[in-house]
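Lettering follows sequence order; numbering is per chain, from 1.
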2 protein chains.
Amino acid sequence: MLNEKFDRYSFILDQTAKKVKQFAQSSFAEKGFDITVDQWTVLKALYETDQLSQKELAKRCGKDQPTLTRIVDILLKKNLAERITDETDRRSLYLHLTEEGKLKVASLTPIVTEIRMKAWENLADEDFEAFTRILNTIYNNLNIE
Amino acid sequence: MLNEKFDRYSFILDQTAKKVKQFAQSSFAEKGFDITVDQWTVLKALYETDQLSQKELAKRCGKDQPTLTRIVDILLKKNLAERITDETDRRSLYLHLTEEGKLKVASLTPIVTEIRMKAWENLADEDFEAFTRILNTIYNNLNIE
DNA sequence: TAAATATATTTGTTGTACTAAATATTTGTA
DNA sequence: TACAAATATTTAGTACAACAAATATATTTA
């Protein structure tokens, strides 16, 4: 049956995503970063745009709100970010990085890029185009709301 | 900087893998399958090759042993699989599906294939080739042991 | 203005991932 | 044979993902 060969793509996709995360995480540990990959995603988003609400931050990080709440809780404990109540809408909490948080992102960014690049050895620019196009297509095919 | 554009691939990869899993999971729920996607992965592997040790099963499913142990615990509770001590090596446990487990896999398989195929709308066979080649390359680039 | 509805966040629960450590058993070697 | 090393599995602890329900506050509407 023609469709059979498509049946295992989800396995390859899942394993590769897991490996990418795992590689980054063990590199972080090895270099003594003392944050998880998911915490890094949140820190980076806040560094790029400070003063985001949790809702907006969750969206940019591709995480749901309960998950983000818990990650932010940890960042607060580590003194990397702060929660500030929005006085115009007291339901909202705005987040921004502490000085320590900003320094951390600034100093780690180049090293993270280096870690991330390792995945692309033996691959060409056209592969990158195909990669993003195919994954975005799959995402959109399944993103029915 | 040339490398900048490669910096966000991990996000796309992660989001897409998550979406594929989430789509399958919500389809499972909608159709009343009463198992998780990860439980399905294990059931399918056991269906294809019965009588696997937990170690071998974990490897085939791309899961670590503690995670597999817990998934198997759940499958036992659901009467879908059984653990049998290997009398030639009493450290090992062999697993196999119950009749109920086999029936479940047999009846769900075509529906799962259908669910999985939805991701490939608007994509060509060449895309599938590129997809597997690129993801496998990335996996191998990072798979340093 | 009071009640209904909507929005932002948090809490609770279940399941999975990873690490380290514990347990039981087997194998290799002195 | 006895002891050390290796192997298979489980347990414990922390982190993250998804969902549902709870809480607090805003907005809409009757």
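The interatomic distance linking B/Asp73 (CG) with D/dT11 (C1') rounds to 11 Å, in whole Å. For the pair B/Lys19 NZ and D/dA17 P, the interatomic distance rounds to 14 Å; values are reported in whole Å. Taking atom NZ on B/Lys18 and atom C1' on D/dA18, their separation rounds to 10 Å, with Å as the unit. Spacing between atom CG of A/Asp14 and atom P of D/dC16 amounts to 18 Å, rounded to whole angstrom units. In this structure, B/Leu93 places its CG atom 10 Å from C1' of D/dT10, rounding to the nearest Å. In this structure, B/Arg70 atom CZ and D/dT10 atom P are separated by 10 Å, rounded to whole Å. In this structure, NZ of A/Lys77 is placed 11 Å from C1' of D/dT14, rounded to the nearest angstrom. Atom CD in B/Gln22 sits about 10 Å away from atom C1' in D/dC19, given to the nearest Å.
No continuous path of hydrophobic side-chain contacts links A/Tyr139 to A/Ile134 [ILVMFWY only; heavy atoms under 4.5 Å]. Under the 4.5 Å side-chain heavy-atom criterion for grouping Ile, Leu, Val, Met, Phe, Trp and Tyr, A/Leu80 is not connected to A/Ile74 through any hydrophobic cluster. Taking hydrophobic clusters as Ile, Leu, Val, Met, Phe, Trp and Tyr residues chained together by side-chain heavy-atom distances below 4.5 Å, A/Ile12 shares a cluster with B/Leu13.
A 6.0 Å sphere centred on NZ of A/Lys59 holds no more than 12 heavy atoms belonging to other residues, nucleotides or ligands.
OP1 and OP2 of D/dA17 both lie 4.0 Å or more from every side-chain N or O belonging to B/Lys21.
Both B/Leu68 and B/Asp86 lie close to DNA chain C; mapped to their nearest nucleotides by heavy-atom distance, the more 5′-ward contact belongs to B/Leu68. Both A/Arg91 and B/Arg83 lie near DNA chain D, and the one whose nearest nucleotide falls closer to the 5' end is B/Arg83.
Pair check for C/dT16 finds D/dA15; Watson-Crick or G-U wobble, both atom distances under 3.5 Å.
Applying a 4.0 Å cut-off to non-hydrogen atoms, the residues of residues 23-62 of chain A that approach DNA chain D are A/Thr36, A/Asp38, A/Gln39, listed by residue number.
Under 4.0 Å is where a charged nitrogen must lie from a carboxylate oxygen, and between B/Glu56 and B/Arg60 at least one such pair does. Ion pairing between B/Arg70 and B/Asp64 fails under the 4.0 Å rule for side-chain N and carboxylate O. Using a cutoff of 4.0 Å between basic side-chain nitrogens and carboxylate oxygens, A/Asp14 and B/Lys63 are not scored as salt-bridged.
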| task | Any chance you could lay out the salt bridge (Lys or Arg N to Asp or Glu O under 4.0 Å) test for B/Glu48 and B/Lys44, step after step, and finish with the verdict? | result | CA-CA 6 Å; B/Glu48 281 161 8; B/Lys44 195 75 195 295; 3.8 Å; yes

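Within 4.0 Å (heavy atoms only), B/Asp64 reaches at least one base atom of the nucleic acid. The residue A/Thr67 sits close to a base: some heavy atom pair falls under 4.0 Å.
Between B/Tyr9 and A/Trp120, the ring centre distance stays below 6.0 Å.
Note that the first and last nucleotides of DNA chain C, 5' to 3', having any atom under 4.0 angstrom from a heavy atom of chain B are C/dG15 to C/dT26.
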